[in-house]
Amino acid sequence: MPAAGASQVAQAAQPVKLSLPLVYQQKLFEELRKDDELVVLARGLGLIRLLTNLLHSYDAAGNNLIVIVGAVDRENAWIGEALAEHAAISMSPRARGLTVVNTDFTSVAAREKMYAAGGIFSVTSRILVVDMLTGLLNPETITGMIVLHADRVVATSLEAFIIRIYRQKNKVGFLKAFSDNPDPFTIGFSPLANMMKNLFLRKVSLWPRFHAHVAEALEGKKKAEVIELEVPMTDAMRAIQTAVMECVEVSIHELKKGSTGLEMDDWNLDSALLKNFDVIVRRQLDPNWHRVSWKTKQIVNDLTVLRGMLQSILALDSVSFLQQLDTIHAAHSPPPGSTRQTQSPWLFLDAAQTIFDTAKRRVYSSNQKAGPDTNIDSLRPVLEEQPKWAVLADVLEEIDRDLYFEPAVRDDSNGTILIMCADTNTCRQLRDYLQTMHVKPRTEKKVEEFHDPEKDKPSASFMMRRKLRNYLKWKREFAQVSATLFSENQKALSGAVDPRKGKASSNKRRRVRGGGTMGAGPGRLDNGSIGQYFEKPGEVAELMADVQMTEEEAKQKEDVIMDPMEDMDDYYQLYEMQDLVVIHAYEGDLDEHVLEEIKPKYIIMYEPDASFIRRVEVYRSSHNDRNVKVYFLYYGGSVEEQRYLSTVRREKDAYTRLIKERASMSVVMTVDDSGPADDPQEAFLRTINTRIAGGGRLAATAQPPRVVVDVREFRSSLPSLLHGRAMIIVPCMLTVGDYIVSPHICVERKSVSDLISSFKDGRLYSQCEAMFAHYRSPMLLIEFDQNKSFTLEPFADLSGSMASVSAANAGANDLQSKIVLLTLAFPKLRIIWSSSPYETAEIFERLKAQEDEPDPIAAVRAGLDADSLVEEQAFNAVPQEMLAAVPGVNAKNSVTLALKTENIKEVANMTALELDPMVGREAAAKICAFFGRDLLENDQ
Amino acid sequence: QALPSRSSGSSILVSSRQKGNPVLACLRSIQWEYSDIPADYGLGQTTCALFLSLKYHRLHPEYIYTRIRNLQGKYNLRILLTLVDIPSHEDALRELSKTSLVNNVTVVLAWSAAEAARYLELYKSYEHAGFAAIRGQQATGYAERLVEFVTVPRTVNKADAVALVSAFGSLRHAVNATPEQIGVVGGWGEKKVRAWCRAVEEPFRVRK
């Protein structure tokens, strides 16, 4: 990190070099060194930089054990790097840098040793909580704790649990919390005060952009020059956007209709413009999610799809957009023969047709051929370009001219031009465009006889033609793939299932062609939804010929989609920073790093991003001698513009509200609140428990109550709440059950959504079998969420749906019938119904009364093969679940597979012969066929 | 005691105590008849149900214990069909959880008479049913299995799954693809690519 403007904090105790050039940063730093507090800093004002400086000041002193909670991978990487850099700059021999503990790979013994050695640790919450509970990391030895993303620390979260354990045992260590997202602090009833309670902090420090110190620092005479360029959308783009909005509106309307009795007054089109309206809708439905109909769920999914479209219409070029639409359409179109009721309502709208039609017309259109057969359409490429491209080219030219006519004053910045955009895909697109914008396809040679001033204008036609070629090729394959994928449904529905593959394939081939003869343009299917359109082969060929590579194009080097970067040194050399145009994607706090490293003179923001503007401001103000000019592109009247404006507004509102709340906040801070565990009175009461009135067993109450908890359960809030109720939590790797309450009582916890999914894949049935094999009283805990409605009743009318009751229909898929089957299968299984985790904690307490305490060692041993090691039988959830979805894999052989192979990749690459010894011939063939099936071939 | 022998196996036996219970009005799709049984509802050879309204339970907390005692260990599966008809159900449910453990009854909650009736009907109709439905059914078609497989990482959706296999032709190629190759597939942003690659490369075993 460049130390330009680095200031030395004059504190004799710690002669460390810091890089905090701005006044507000220094003030904040001093504040943080002095007090424990929660800092809410506006995005883009350099939170990580502040943090690394702070950490370094502790690191340099050595002899510390500091724990960072809640950091994500990216932040870890950067903090580590920055600490190393700081250490090098201030030459502090005792700095040890950052140690990241983020997977279960580091063994217990190694972790213990690491903790004992001290230093700065960033630990994944799930590991940290287990380590603190098992005493691997003694909370008393911690010098201090840093909490990142403090906005996520709600009462039931793991982080809150960690902080509580820490504060219970350790009252002197420091505790500092950071957040750059003020929103969550303003939602709900006195949210700030609650958050402060969860964080065990008393003081909050707010730093919005309009804070006096911040404004002073950023709005001095060294202001960055920003030029806004509003780019109009093309008519087609606007038409698509309007059509998508219409689809959104109808979907929302359907939602309101489908789930009466829910509060949905504030769902309207305006809120649909917000960044994540689908998430908002989902959150509003969440309390009742397990009760809403299948259709409602589908519509909520549709909203996500539609929102994606709103974004991609702006971000993708017209060909890619069309390709994406094709994929969406194929995935969402219903199996043939299904009825209107079962599918997404938006597909039936005229607006949907508009979307597909317009998107297609942006790429190619049909024009009537003059001649004898006028009824045959021919296709010609249109290839609409994104309006921003031309503007981008203009801006670059302007910069060029600028540089030529008035060579800028030499300053510390490089002459580099930095282009910032939303994601790497856009990066790729822009790079392609810039590389090829001056290549001319020269198709209309006659016209170009005379000198055409238009000719020199940059255009994307080369790139677009290449894209169209790829698209046409892709489309042909895709038709094949989707036919292969989805024809199965059709076969199943038509009832004429042909077991012989050979015959089926000939059918399929005909069907593909049959689809083609349906004609160009999306026709409606029988059931009224839009059919997937496939052009006639003749037309496609024509179109293909039309965009065939010209000589000029062929001269260009092959399109490199990705650089493997393998033998970079052989082929490349470094460019002068002066000549570079760097395209980069927004990456939150890391952008700061990009700015510092590239030192650009010109920045083009291809997409708006409020926090990046601040980063530029900070960058500009931090460096006296660097000039920077920012161009800022956005589509006028677009979702993009709306979103940008509303983010800025929302953040400002949030800070205003926070400041108000802070002023009136009555913090009853009980930092000393160590929970009832240490309370001597409580301990006394426990030993003379009133429940043993009848001369019960005193022994049971002599030791503190204990619950053995599976380590995987720490994702839920229940362990934290049990701990809050003065129970000792013993984290163990359990094979059978989730919570062992007493030597005989074993509880399997299921949230409602878990319950549904574990019924579906049969997991619950085998879990119950296992519990009955090892415990006398297995219990199933059905736990509802705190804010979820406590009922399983679906909104649909139950009566009259008795067709599903008939015994023949034992596969009925509502939750009630599954619960009935489960209790019939396990008559001794007891069910606990709990309306919230808080409730569960109380129920557990009651269940434990008069029972002996569970034995952790016995609990761990339950369900394990006697001769194998405990550690070897713990599996990662995601790959395990994927394995279960593979045909031929069942509960038994999946264990064998998981033990004998490394990961999914290995299984996918095995031949049937290799798999045979593990799973048997039949299953091996199935597994192999599943992975190996080639969708581009007909005969599979 | 002697059960009426004429009682056929196909109807729900209802104790005459249950007269006037609105649940009876909702029992429509399966026959029921009054019978002299210790439980409230006889749902098969080894299954019975006691009905409890929480409203009633609040007034007469001892009632249900008498009833359970009167069952005298008959029946293998003893359902305590509880109608949640009061808003402050927490205390009662806490107590019933403990009771179910001590007295060998299985608590099943219903939130309306119609739902309660449906439970009764389901118990009766599943009397001889197999348990295949809850032992995990496998999706049938290749396409469904494929989509199911690919969409296990949470961020990946159905359209992405289709896009992925159509770009690579087969699942094996998709599994073997590098992050860069997947990144150019339409719809696959960085987050999805990372989630997918992690999922296929993450080892099955957690090693300590």
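Convention: sequence-line order gives letters A, B, ...; per-chain numbering from 1.
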Does atom CD of B/Gln18 have more than 12 heavy-atom neighbours, drawn from other residues, nucleotides or ligands, at distances under 6.0 Å? yes
Inter-residue atom distance B/Leu122.CG - A/Ser817.OG, 0.5 Å rounding: 5.5 Å
To the nearest 0.5 angstrom, please state how far the OH atom of B/Tyr119 sits from the CD1 atom of A/Ile819. 4.0 Å
Could you check A/Glu839 against B/Ser97 for side-chain contact (heavy atoms from CB on, under 4.5 Å), going step by step and ending with a plain yes or no? CA-CA 11 Å; A/Glu839 221 13 69; B/Ser97 296; over 6 Å; no
Sub-4.5 Å side-chain heavy-atom contact between B/Val200 and A/Asn903: no
Stepwise side-chain contact (heavy atoms from CB on, under 4.5 Å) test for A/Thr823 and B/Tyr123: CA-CA 9 Å; A/Thr823 50; B/Tyr123 272 111; 2.6 Å; yes
Highest number of heavy-atom pairs under 4.5 Å with chain A among B/Leu93, B/Ile79, B/Asn176 belongs to B/Asn176
Heavy-atom side-chain contact between A/Arg830 and B/Val107 under 4.5 Å: no
Between B/Val105 and chain A, with a heavy-atom cut-off of 4.5 Å, which part of the residue counts as in contact: side chain, backbone, both or neither? backbone
To the nearest 0.5 Å, how far apart are CD in B/Glu115 and CD in A/Gln816? 4.5 Å
Out of A/Glu906, A/Met882, A/Lys905, which residue meets the side chain to side chain contact (heavy atoms under 4.5 Å, CB included) rule with B/Val175? A/Lys905
Okay, side chain of B/Arg172, backbone of A/Ala908: is any donor-acceptor separation there less than 3.5 Å? yes
Could you tell me which non-hydrogen atom of A/Leu829 sits nearest to which non-hydrogen atom of B/Thr106, and how far apart they are? O-OG1, 3.4 Å
Under 4.5 Å from any heavy atom of chain B - which part of A/Asn909: both
Closest approach of A/Ala885 and B/Arg145, non-hydrogen atoms and distance? O-NE, 2.8 Å
Most contacts with chain A, counted as non-hydrogen pairs under 4.5 angstrom, among B/Arg94, B/His128, B/Glu201: B/Arg94
Closest heavy-atom pair, A/Ser835 versus B/Glu90, reported as atoms and distance to 0.1 Å, is OG-CG, 4.2 Å
Considering only heavy atoms, which portion of A/Glu769 lies under 4.5 Å from any heavy atom of chain B: side chain, backbone, both, or neither? side chain
In this structure, CG of A/Leu824 is separated from CG of B/Leu77 (nearest 0.5 Å) by 6.0 Å
Heavy atoms of B/Ala159 and A/Thr327 approach each other most closely as O-CG2, 3.4 Å
With only heavy atoms counted, which part of B/His89 is less than 4.5 Å from chain A, the side chain, the backbone, both or neither? side chain
Quick check: closest heavy atoms across B/Lys98 and A/Arg846, and the distance to 0.1 Å? NZ-O, 3.4 Å
Checking heavy atoms, do the side chain of A/Leu764, its backbone, both or neither come under 4.5 Å from chain B? neither
So what's closer than 4.5 Å to chain B heavy atoms on A/Cys928: side chain, backbone, both or neither? both
For the student: nearest non-hydrogen atoms of A/Gly932 and B/Ser170, plus distance: O-CB, 4.0 Å
Please state whether the side chain, the backbone, both or neither of A/Phe930 comes within less than 4.5 Å of a heavy atom of chain B. both
Stepwise side-chain contact (heavy atoms from CB on, under 4.5 Å) test for A/Ile904 and B/Glu202: CA-CA 8 Å; A/Ile904 291 281; B/Glu202 192 175 23; over 6 Å; no
Any chance NZ of A/Lys828 has more than 12 other-residue heavy atoms, nucleotides or ligands included, within less than 6.0 Å? yes
Atom group of A/Thr901 that falls short of 4.5 Å from chain B, counting heavy atoms: both
Could you measure the distance from the CG atom of B/Leu171 to the CZ atom of A/Phe931? Nearest 0.5 Å is fine. 5.5 Å
